[in-house]
*Asks:* 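Right, I'll just put the structure down here and ask away after.
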Amino acid sequence: MYRTHTCGELRIENKGQQVTLAGWVQKARKLGGMTFIDLRDRYGITQLVVEADAPAALVETATSLGREFVIQAKGEVVERQAKNAKMPTGDIEIRLSEIHILNRSTVPPFTIEEESDGGEDLRAKYRYLDLRRPPLQRALALRHKVAHEVRNFLDAKGFMEIETPYLIKSTPEGARDFVVPSRMNPGQFYALPQSPQTFKQLLMVGGYDRYFQIVRCFRDEDLRADRQPEFTQIDCEMSFVEQEDVLGTFEEMMRSLFKNVLDVEIPRPLPRMSWYEAMDRYGSDKPDVRFGMTIHEITPLVKGKGFSVLEEADYVGAISVPGAAEYTRKQVDELTEWVKRPQVGAKGLIYIRVNADGSFKSSIDKFYGADDLRAIAAAAQAGPGDLVLVLCGARRKTQNMLGVLRLEMGGRLGLRNPKEFAPLWIVDFPLLEWDDETGRFYAMHHPFTAPKPEHEKWFYSDKKEDLERVCANAYDFVLNGSELGGGSIRIHNADMQKRMFEVLGIGPEEAEYKFGFIINAFQFGAPPHGGLAFGFDRICALMGGQDSIRDYIAFPKNNQGRDVMIDSPSEIDAAQLEELQIKLDVKPD
Ligand code: ASP
């Protein structure tokens, strides 16, 4: 037997027992004649001690131990002289009678402790060493727990976990596909699924009315902290349901997750907000509702005063930053530069300071008198001590910028506490989104999303304004400014699906080529159905109070989509290319 206990297990109650532990040497140090060893495994750390008067061979082995050596150690559990209240095993230590070195280790390139001295790149290269650190172990343990809870919950509700293939044909989630060449079909390629969307719908046609899968999805997108080229979804679909059924089921799933994993109660029922309200008041379809500071339209209040910038603007909006009237000129200038950065994209920033005595100071004093400013401040719900910030331009774009500014100010004021959870559903999304550049509609969610039945009349109209009015029974689960999941009630009728492709400018041939299989399937009694998918990595990161999903994935990729540990992607040899009948035409950088 390699071990009788783990390194996180022994307590004062075990005093006097003979035990055997196995693990990694985090640290070995000599103190007086004694040698102390911190032995670590994923359960914790236990202190081992070799007394000064121990047999010489034992003292010698103990002294020879290096960091990350793997050892087996036998001895007696004794009470520690100097207890360590910070360690669960801190009341005891093991007085050793034997040490067996199971494996030696090269000196690791960084410290493997709660806090490491290794930079991100170095730790990525030696990810297996980083994985020995407690923060990563906690992250992966949380991930396991979340997956386990999801499976328990959905199983109890009659859902079946069914796997769908990875080597498929393009799925329309709006990102770029990763493709895989087919040796047996030269010149042809599989696409890796951006999601199992079409397959889960086909499972509904197949009669599996409650499906789920914790599944890997692949999207070739530019990466950010919360994105990975391969990520995991909790993918779900149900038949014979309406929006209410889907929302009810998954609200309960999230409630039970938060309760069982974090012991956090989330509101019942969950608040809901229409997409339109989210855009108007928060400038985002994933509003962070942990704090107010909402956006107020002040367009009618600023007209007719001769200030051309606002006069000409399609939309003028404001937020009121509580207590920020104290901002100095320098701070306001800095903020103005901040909103002008390309990431925000504003042309400038107007401010109105509401002084403690109720008087005003603004950057537009020349055009607006105290009464005008008072009216604007009132519309923005600003009181004495607050700072009103105003942006103008095209409606949605400006709301979006105000939304970004709102988040920034919320962050600066410490209003975005990661320990506070404010989930809600965003509902009533527009079905379609017009793109000026390409001059065509795109599906806001994806092309399988059904229009609301009461909006079908507009869906069959040829007028752009009509099509823009069509809403979908689509919904997103939003938490603290992050979209954690989303889905919709689907089209289950072949003709409506064909109409959808037509609206999206996908001709009948292209539709047949790309999605013929699903249109076909809809001719064989497709049941009404709908579902959603949650971003599993993101749920884990948020529950763990982190912004980045990277630590919640055992082997993530870096910002360039590389796995620097295994050095991938990499070139393949000429014979492989030949087999695939592929010739490269790679331009040098
Ligand atoms: N397949 C969708 C997605 O990945 C989710 C859904 O509609 O169920 O976003």
Side-chain angles (χ1 to χ4, degrees), residues 6-9 23-24 40-45 86-89 112-116 118 120 123-124 127-156 159 161 212-217 224-228 230-236 250-266 270 288 290 416-423 477-485 532-558 565:
T6 69
C7 296
E9 202 175 339
W24 287 264
R40 169 188 8 90
D41 62 16
R42 80 172 167 93
Y43 306 92
I45 292 178
K86 287 199 197 113
M87 285 170 74
T89 62
I112 301 176
E113 295 176 16
E114 182 71 34
E115 302 279 344
S116 174
E120 204 171 314
R123 283 186 289 118
R127 182 71 172 179
Y128 44 87
L129 294 181
D130 210 16
L131 284 170
R132 289 184 192 163
R133 291 175 51 233
L136 277 108
Q137 292 170 339
R138 284 195 298 270
L140 292 185
L142 178 85
R143 184 181 175 103
H144 164 76
K145 172 105 173 122
V146 175
H148 187 70
E149 290 293 338
V150 165
R151 289 202 165 93
N152 276 350
F153 178 89
L154 291 174
D155 175 67
F159 283 78
E161 184 161 19
F212 87 101
Q213 186 181 188
I214 298 187
V215 61
R216 200 66 57 81
C217 300
R224 298 191 310 242
D226 62 346
R227 285 219 183 128
Q228 283 278 307
E230 47 178 312
F231 61 97
T232 305
Q233 282 189 345
I234 306 166
D235 189 45
C236 309
F250 291 99
E251 196 167 311
E252 205 185 322
M253 182 183 92
M254 291 308 272
R255 191 169 294 115
S256 93
L257 266 189
F258 273 87
K259 181 72 195 146
N260 296 341
V261 178
L262 295 181
D263 199 22
V264 163
E265 303 279 353
I266 60 174
L270 225 55
D288 185 343
R290 280 174 297 183
R416 307 185 69 190
N417 172 8
K419 296 239 154 46
E420 189 186 329
F421 298 99
F477 185 98
V478 169
L479 177 70
N480 296 0
S482 259
E483 179 201 322
L484 286 193
L532 82 183
F534 286 99
F536 178 56
D537 314 286
R538 246 188 241 179
I539 291 183
C540 295
L542 261 156
M543 283 188 148
Q546 302 291 323
D547 290 331
S548 168
I549 62 175
R550 235 171 249 168
D551 284 351
Y552 293 82
I553 296 172
F555 297 105
K557 307 214 175 357
N558 73 6
M565 178 184 66

*Asks:* Is there a side-chain contact between Leu154 and Phe250 (heavy atoms, below 4.5 Å)?
*Replies:* yes
*Asks:* How about Asp235 and Leu532: do any of their side-chain heavy atoms sit closer than 4.5 Å?
*Replies:* no
*Asks:* Which atom pair, heavy atoms only, marks the closest approach of Leu542 to Phe421?
*Replies:* O-CE2, 3.6 Å
*Asks:* Passes side-chain contact (heavy atoms from CB on, under 4.5 Å), Asn480 versus Glu420? Steps please.
*Replies:* CA-CA 8 Å; Asn480 296 0; Glu420 189 186 329; 5.7 Å; no
*Asks:* Can you name the residues that form a side chain to side chain contact (heavy atoms under 4.5 Å, CB included) with Asp155, not counting sequence neighbours?
*Replies:* none
*Asks:* Name all residues meeting the salt bridge (Lys or Arg N to Asp or Glu O under 4.0 Å) criterion together with Glu251; count only those two or more places apart in sequence or in a different chain, and write none if there are none.
*Replies:* Arg255
*Asks:* Output yes when a side-chain donor or acceptor of Asp551 lies under 3.5 Å from a complementary backbone atom of Leu136, and no otherwise.
*Replies:* no
*Asks:* Walk me through it: do Trp24 and Arg132 pass the test side-chain contact (heavy atoms from CB on, under 4.5 Å)?
*Replies:* CA-CA 9 Å; Trp24 287 264; Arg132 289 184 192 163; 3.3 Å; yes
*Asks:* Test of understanding: with side-chain hydrogen bond (donor to acceptor under 3.5 Å, both in side chains), list the residues that count as partners of Gln233, not counting sequence neighbours.
*Replies:* none
*Asks:* Using a strict 4.0 Å threshold on nitrogen-to-oxygen distance, state whether Glu114 and Arg138 make a salt bridge.
*Replies:* yes
*Asks:* Between Phe212 and Cys236, is a side-chain contact (heavy atoms from CB on, under 4.5 Å) present by the stated rule, with each step listed?
*Replies:* CA-CA 4 Å; Phe212 87 101; Cys236 309; 4.1 Å; yes
*Asks:* Please report the shortest heavy-atom distance between Leu270 and Pro423, naming the atom on each side.
*Replies:* CD1-CG, 3.9 Å
*Asks:* Determine whether a donor-acceptor pair (N or O, by modelled atom type, separation under 3.5 Å) exists between the side chain of Ser116 and the backbone of Gly118.
*Replies:* yes
*Asks:* Would you say the side chain of Ser256 lies within less than 4.5 Å of the side chain of Phe153, judging by non-hydrogen atoms?
*Replies:* yes
*Asks:* Of all residues at least two apart in sequence or in a different chain, which pass the side chain to side chain contact (heavy atoms under 4.5 Å, CB included) check with Ala147?
*Replies:* Arg151, Ile214, Phe536
*Asks:* The criterion is salt bridge (Lys or Arg N to Asp or Glu O under 4.0 Å); which residues satisfy it with Arg123, sequence neighbours excluded?
*Replies:* Asp130
*Asks:* State, with a plain yes or no, whether a side-chain heavy atom of Met254 is found less than 4.5 Å away from one of Leu479.
*Replies:* no
*Asks:* What residues form a side-chain hydrogen bond (donor to acceptor under 3.5 Å, both in side chains) with Glu149, not counting sequence neighbours?
*Replies:* Lys145, Asn260
*Asks:* Would the distance check show the side chain of Arg127 and the main-chain N or O of Ala554 forming a donor-acceptor pair, the cut-off being under 3.5 Å?
*Replies:* yes
*Asks:* Do you know which two heavy atoms are closest between Asp41 and Gly8, and how far apart they sit?
*Replies:* OD1-N, 4.2 Å
*Asks:* So, for Lys259 and Glu265, which heavy atoms are closest and what is the spacing to 0.1 Å?
*Replies:* NZ-OE2, 3.2 Å
*Asks:* Checking Phe231 now: which residues fulfil ring pair (Phe, Tyr, Trp, His ring centres under 6.0 Å) with it, not counting sequence neighbours?
*Replies:* none
*Asks:* Is any side-chain N of the basic residue among Arg550 and Glu120 closer than 4.0 Å to the acidic one's carboxylate O?
*Replies:* yes
*Asks:* According to salt bridge (Lys or Arg N to Asp or Glu O under 4.0 Å), who are the partners of Glu230, at least two apart in sequence or on a separate chain?
*Replies:* Arg216, Lys557
*Asks:* In chain order, what residues pass the side-chain hydrogen bond (donor to acceptor under 3.5 Å, both in side chains) check against Asp288, with sequence neighbours excluded?
*Replies:* Arg290, Arg416
*Asks:* Could you tell me which non-hydrogen atom of Met87 sits nearest to which non-hydrogen atom of Ile45, and how far apart they are?
*Replies:* CE-O, 3.3 Å
*Asks:* Out of Val146, Leu257, Ile234, which residue meets the side-chain contact (heavy atoms from CB on, under 4.5 Å) rule with Phe534?
*Replies:* Ile234
*Asks:* Can you list the steps and then say if Met543 with Val264 is a side-chain contact (heavy atoms from CB on, under 4.5 Å)?
*Replies:* CA-CA 10 Å; Met543 283 188 148; Val264 163; over 6 Å; no
*Asks:* Under the criterion side chain to side chain donor-acceptor pair (under 3.5 Å), I'd like the reasoning laid out for Thr6 against Arg42: C-alpha separation, chi angles, the key distance, then a yes or no.
*Replies:* CA-CA 8 Å; Thr6 69; Arg42 80 172 167 93; over 6 Å; no
*Asks:* Does the side chain of Cys7 reach to within under 4.5 Å of the side chain of Arg40, using non-hydrogen atoms?
*Replies:* no
*Asks:* What residues form a side chain to side chain contact (heavy atoms under 4.5 Å, CB included) with Glu115, not counting sequence neighbours?
*Replies:* none
*Asks:* So how far is it from Gln213 CD to Phe159 CZ, rounded to the nearest 0.5 Å?
*Replies:* 13.5 Å
*Asks:* Could you list the residues that satisfy side chain to side chain contact (heavy atoms under 4.5 Å, CB included) with Ala541, not counting sequence neighbours?
*Replies:* Ile549, Tyr552
*Asks:* Please list, chain by chain and in numerical order, all residues satisfying side-chain hydrogen bond (donor to acceptor under 3.5 Å, both in side chains) with Gln137, sequence neighbours excluded.
*Replies:* none
